[in-house]
Student: 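Input: one structure, supplied below.
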Amino acid sequence: MSNAAPRPSDVQVTSAAISLLVVSLLPVFLAPLLSSYLKSDLGLSTALAGTVVSVTQGSLAVGALGIVPLLARSNRLLLGVSGMTLSLLGWSVASVVTATPAVIGAQVAVGLGAGVASATGNATLSHARNSVRAFSVATVVTVLIGSALLAGLPTLASASPFWGLFTAAAGIVVVALGVALSTPRSRAAIRFQPAARSVAPSGVESEPADVQPWLRGPAALLVLAMLALSIGNFAMWTFAAEIGQVAGLSSERTVQALGITQILGLAGALFAAVTRGWVGRWPVLPGAILIVAVGNLLMGLAPNGGVFFLGLLAVNLAYYCFTPLMFAAAADLDPAGRLAAVVGGASLVGGFLAPVLGAAVAGAGDDWVRMSVAAAVLIVLAVPLVVVAQRGRKLSGELMSEA
């Protein structure tokens, strides 16, 4: 369908999408604290705590992938606000209940709402003219917010029981919801739909967005690569607080290390934005993926807290480098934003599977070394998928330019 509304600027698109992505990333950022809370306060086993975290991540995936068919036809502002509101309800309920079934039910609501916000936010960013820069800036801002919350929660919790894990998360969602609805430009950027047809540089009009084969070839490989990366990396992230303590850090120091390395890792997103014009995505993506694998291996094998910190830092630097590039590649392949939403959904599916698989590999004895090796192997398997996807995308672009 055609769109009479003017195309929003990259600044408008990015600022609007950030409010949605902050909500979508809260359950991911807080997963280590949620896992630790379930084990220490509710007395759950490692396997059961991992299962509960998986329920949250699974709900995220269902919410994100479930609305993909609606993204090209529905009011995205309504979708995004609905997701944020449902997530707010989940965090609010979780802050006042202690029974395990009630906490799980609240986390399902958190996940479903956050998943809808994730898909809407990634689809919104796909409309940016400079997609790498837009996804990189959004990554930087959302990680800063999530890391500040992660690093500050232990102090807040000790100062006042009111500032607990769930209450603080609910407060962040309220602020994000206010930002999304605060100005007409923000609402218009979320609501914006690209034209159904576009004209290539050769002057040939492309197929309508809703009939293009947007989930084949290079696009499908990107989705599979993100799935493998997410399973391997999130398995380590879920139990990072406990792995750090085994390496010799205190519980509070480990949580602070998680937040600090997240912030320092933002240099990876800035590197992605800068190198976009220098070396392109080909040498950056595979290298960053390999660094993530090595960093996770260092975390699991760490003989002391210093090595654990270095491994965690390497993971975050590389992760925030390749993530914007993956989403930008998805936006280039499908400007309607559906592929970016599916790539984000694949990441969430990985987050759903990772805690259960990670707990199963670690076993009852919490063998973090074995789990880190398995995670590193799975992450490395994503490299050939990315290489083939990049090569296929390059060939497709060359054929289109020659048409």
Student: Would you confirm whether Arg370, through its side chain, and Ala362, through its main-chain N or O, come within 3.5 Å as a donor-acceptor pair?
Tutor: yes
Student: Quick one, Ile231 and Leu227 - any side-chain contact, counting heavy atoms below 4.5 Å?
Tutor: yes
Student: Let me see the working for Ile190 and Leu20 under side-chain contact (heavy atoms from CB on, under 4.5 Å), right down to the final yes or no.
Tutor: CA-CA 9 Å; Ile190 297 173; Leu20 293 159; 4.1 Å; yes
Student: Would Val246 and Trp368 satisfy side-chain contact (heavy atoms from CB on, under 4.5 Å), going step by step from the backbone distance to the final call?
Tutor: CA-CA 9 Å; Val246 171; Trp368 306 125; 3.7 Å; yes
Student: Examine distances only and state if a side-chain atom of Ser372 and a backbone atom of Val369 form a donor-acceptor pair shorter than 3.5 Å.
Tutor: yes
Student: Main chain of Val81, side chain of Thr85: is a donor-acceptor contact present, judged purely on distance under 3.5 Å?
Tutor: yes
Student: Please determine whether side-chain contact (heavy atoms from CB on, under 4.5 Å) holds for the pair Phe239 and Asp366, giving the CA-CA distance in whole Å, both sets of side-chain angles, and the decisive distance to 0.1 Å.
Tutor: CA-CA 10 Å; Phe239 302 105; Asp366 290 347; over 6 Å; no
Student: With a 4.5 Å cut-off on side-chain heavy atoms, are Met371 and Ile243 touching?
Tutor: yes
Student: Which pair of heavy atoms, one from Leu298 and one from Gly311, lies closest together, and at what distance?
Tutor: CB-CA, 3.9 Å
Student: Indicate yes or no for a side-chain donor-acceptor contact from Thr124 to the backbone of Val13 under 3.5 Å, with no hydrogens or angles considered.
Tutor: no
Student: Can you tell if the side chain of Gln245 reaches within under 4.5 Å of the side chain of Phe308, non-hydrogen atoms only?
Tutor: no
Student: Kindly give the heavy-atom pair with the smallest separation between Leu229 and Ala382, and that separation in Å.
Tutor: CG-CB, 3.7 Å
Student: Tell me if a side-chain donor or acceptor on Ser87 pairs with a main-chain N or O of Met84 at a distance below 3.5 Å.
Tutor: no
Student: Nearest 0.5 angstrom please: Gln107 CD to Leu60 CG, how far?
Tutor: 9.5 Å
Student: Show, in sequence, the C-alpha distance, side-chain angles and deciding distance for Ile289 and Ile379, and conclude whether the side-chain contact (heavy atoms from CB on, under 4.5 Å) test is met.
Tutor: CA-CA 7 Å; Ile289 292 171; Ile379 291 169; 3.8 Å; yes
Student: Quick one: which residue pairs count as a side-chain hydrogen bond (donor to acceptor under 3.5 Å, both in side chains) with a foot in residues 13-30, not counting sequence neighbours?
Tutor: none
Student: State, with a plain yes or no, whether a side-chain heavy atom of Met326 is found less than 4.5 Å away from one of Val386.
Tutor: yes
Student: Quick check: closest heavy atoms across Trp91 and Ala169, and the distance to 0.1 Å?
Tutor: CD2-CB, 3.4 Å
Student: Quick check: does any side chain N or O of Ser126 sit under 3.5 Å from a backbone N or O of Asn122, one acting as donor and the other as acceptor?
Tutor: yes
Student: Give a yes or no on whether the backbone of Ala134 and the side-chain of Asp10 come within a donor-acceptor separation of less than 3.5 Å.
Tutor: no
Student: Do any N or O atoms from the side chain of Gln12 and from the backbone of Ser9 form a donor-acceptor pair under 3.5 angstrom?
Tutor: yes
Student: Starting at CG of Leu144, measure out to CD1 of Ile18 and round the result to the nearest 0.5 Å.
Tutor: 10.0 Å
Student: Which atoms form the tightest heavy-atom contact between Pro27 and Thr56, and what is the distance?
Tutor: CB-CG2, 3.9 Å
Student: Could you check if a side-chain atom of Val141 sits within less than 4.5 angstrom of a side-chain atom of Val22, using non-hydrogen atoms only?
Tutor: no
Student: Please report the shortest heavy-atom distance between Val132 and Pro324, naming the atom on each side.
Tutor: O-CB, 4.5 Å
Student: Roughly how far, to the nearest 0.5 Å, is the CG atom of Leu285 from the SG atom of Cys321?
Tutor: 7.5 Å
Student: In Å and rounded to the nearest 0.5 Å, what is the CD1 to CG distance from Ile172 to Leu25?
Tutor: 12.5 Å
Student: Which atoms form the tightest heavy-atom contact between Pro286 and Val387, and what is the distance?
Tutor: CG-CG2, 4.0 Å
Student: How far does CZ of Phe166 sit from CG of Leu26, to the nearest 0.5 angstrom?
Tutor: 12.0 Å
Student: Which of parallel (below 30°), tilted (30 to 60°) and perpendicular (above 60°) describes His127 and Phe192?
Tutor: perpendicular
Student: Among all residues two or more places apart in sequence or in another chain, which pass the side chain to side chain donor-acceptor pair (under 3.5 Å) test with Asn296?
Tutor: Asn233
Student: Could you measure the distance from the CG atom of Leu348 to the CG atom of Leu65? Nearest 0.5 Å is fine.
Tutor: 7.5 Å
Student: Test of understanding: with salt bridge (charged side-chain N to carboxylate O under 4.0 Å, His left out), list the residues that count as partners of Arg187, not counting sequence neighbours.
Tutor: none
